2 protein chains.
Amino acid sequence: MTDVRAALRAHDINPSAQRVAIAGYVLGVTSHPSADEVWTEVKARLPSVSRATVYNTLNLFVERGLLRQLVIRGGSVVFDPNLEPHHHFVDDETGEIHDLPWDAVAVQAADDLEGYDVREMQVVLRGTRRA
Amino acid sequence: MTDVRAALRAHDINPSAQRVAIAGYVLGVTSHPSADEVWTEVKARLPSVSRATVYNTLNLFVERGLLRQLVIRGGSVVFDPNLEPHHHFVDDETGEIHDLPWDAVAVQAADDLEGYDVREMQVVLRGTRRA
DNA sequence: GTTCGTGCAAACGGTTTGCAACAAT
DNA sequence: ATTGTTGCAAACCGTTTGCACGAAC
């Protein structure tokens, strides 16, 4: 995974074996995993990796802009490698989080919001998947 | 606070002293407090109240539809007595959550979302307050 | 006297932190 | 040698739970 190493270096992150393994998993995922889920997955490839390293590494990735952190579900934070503007759908039954394309929801940016400097806008839809 | 007792009864909740105290505070608040913040405030009026009672009572209020629970910030869930449709603004600097009127943001409900039954839509804006 | 509500303390789950060992330069 | 990275265990914080006491009909 040379491109993973390159991505890490591009974000000023030393590509250690653990970081490459974690990035190799989490940068390609679409399932919005929690830190513990990432740990479980990465352990399968690199059994010696510790939970602390996974947590710290994910936080590092977020700080360095490789990853986005979403606060959508109670209990645990989830991670999303998709850095492009998009929305999220949370399945009430399964808890699964799905990406929605940005233009699936038309958000009329209310520029007339007196007193607020809006940096980002997050739209979360909740419901169930239809057959 | 007779109306608080009435509100509790209207939602099939026995108005015990603790519940009245908790409701008396949280139903009138606009600050989106966490459970622990509610506990601190209510203890000032009713020092004997326990943390467990506050947590359990807030969950009961949510179940019974007196209160809404918001997952917006990491770390802790917050409560919002405003049941009408509205949006939220999170101040990056202070962490404060402000209500935004529903029509401050025009969300074009994407009815064309194939495969999704949308039950609710949550819009969270993040940024800073302007002087 | 049975039911419901409460307080306490312990348990819990996700996450962070202190620290000593370990690479790598 | 110095600097950065890791693993382990313990600490932490928000929250839930088990249980025995107490209040109310």
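Quick caveat: nothing in here was measured; it's all calculated off a predicted structure. All chains are named by letter (A, B, ...) in the order of the sequence lines, taking the proteins before the strands, and each is independently numbered beginning at 1.
Of the candidate nucleotides dT6(C), dC8(C), dT15(D), dC8(C) has the atom lying nearest to any side-chain atom of A52(B). Listed candidates were dT16(C), dG7(D), dT15(D). Nearest to the side chain of Y55(A) is dT16(C). For N14(A), the listed nucleotide lying nearest its side chain is dG4(D); candidates were dT15(C), dT6(D), dG4(D). Checking dG7(C), dG5(C), dG7(D) against the side-chain heavy atoms of R19(B) singles out dG5(C) as nearest.
D36(A) has its CG atom 11 Å from the P atom of dG13(C), to the nearest Å. In this entry the distance linking CD of E63(A) with P of dT5(D) reads 12 Å, nearest Å. Atom-to-atom, CG of L46(A) to P of dG7(D) comes out at 7 Å; the value is rounded to the nearest Å. Residue Q18(A) contributes atom CD, which lies 4 Å from atom P of dT6(D) at whole-angstrom precision. The distance from atom CH2 of W39(A) to atom C1' of dT15(C) is 13 Å, rounded to the nearest whole Å. Here the P atom of nucleotide dG5(C) and the CG atom of N56(B) are 11 Å apart, to the nearest Å. One interatomic measurement links the two molecules: NZ of K43(A) to C1' of dT6(D), which rounds to 16 Å at whole-angstrom precision. At whole-Å resolution of the value, CD in E37(B) and P in dT15(D) are 10 Å apart.
Secondary-structure stems of DNA chain C, taken as three or more successive Watson-Crick or G-U wobble pairs (i with j, i+1 with j-1) under a 3.5 Å distance threshold, comprise C:1-25 with D:1-25.
The closest donor-acceptor contact from the side chain of T53(B) to the backbone of V49(B) lies at 3.5 Å or more, if one exists at all. For the pair E41(B) (side chain) and V38(B) (backbone), a donor-acceptor distance under 3.5 Å is absent.
Within a heavy-atom distance below 4.0 Å of DNA chain C, no residue of residues 64-83 of chain B is found.
Using a 4.5 Å cut-off on side-chain heavy atoms (C-beta onward), R45(A) and Y25(A) make contact. Residues V71(A) and Q122(A) are not in side-chain contact: their nearest non-hydrogen atoms beyond the backbone lie 4.5 Å or more apart.
A salt bridge is absent between R129(A) and D117(B): the closest approach of a Lys/Arg side-chain nitrogen to an acidic carboxylate oxygen does not fall below 4.0 angstrom. At a threshold of 4.0 Å, the pair R126(B)-D91(B) does not count as salt-bridged, since none of the basic side-chain nitrogens sits closer than that to a carboxylate oxygen.
Contact between the side-chain N/O atoms of N59(A) and the OP1/OP2 oxygens of dT15(C) is not found at any separation under 4.0 Å. Close to dT5(D), at under 4.0 Å from its OP1 or OP2, lies no side-chain N or O of S16(A). Considering only side-chain N and O atoms, S48(A) lies nowhere under 4.0 angstrom from the phosphate OP1 or OP2 of dT6(D). The side chain of T53(A) places no N or O atom within less than 4.0 Å of a non-bridging phosphate oxygen (OP1 or OP2) of dT6(D).
No hydrogens or angles considered: a donor-acceptor pair under 3.5 Å links the side chains of D80(B) and H86(B).
Grouping the Ile, Leu, Val, Met, Phe, Trp and Tyr side chains by contacts below 4.5 angstrom, directly or via other members, places L70(B) apart from I72(A). Connection of V78(A) to V29(A) is not established within any shared hydrophobic cluster, with ILVMFWY side chains joined at heavy-atom distances below 4.5 Å, either directly or through further cluster members. Hydrophobic clustering, with ILVMFWY side chains joined whenever heavy atoms are under 4.5 angstrom apart, keeps V77(A) apart from I97(B). Residue V62(B) is not grouped with residue Y55(B) when hydrophobic side chains (ILVMFWY) are merged at heavy-atom distances under 4.5 angstrom, including chains of intermediate members.
For H88(A) and H32(A), the ring centers sit closer than 6.0 Å to each other.
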Polar pairs (N or O, both sides) under 3.5 Å between protein and nucleotides 20-25 of chain D?
none

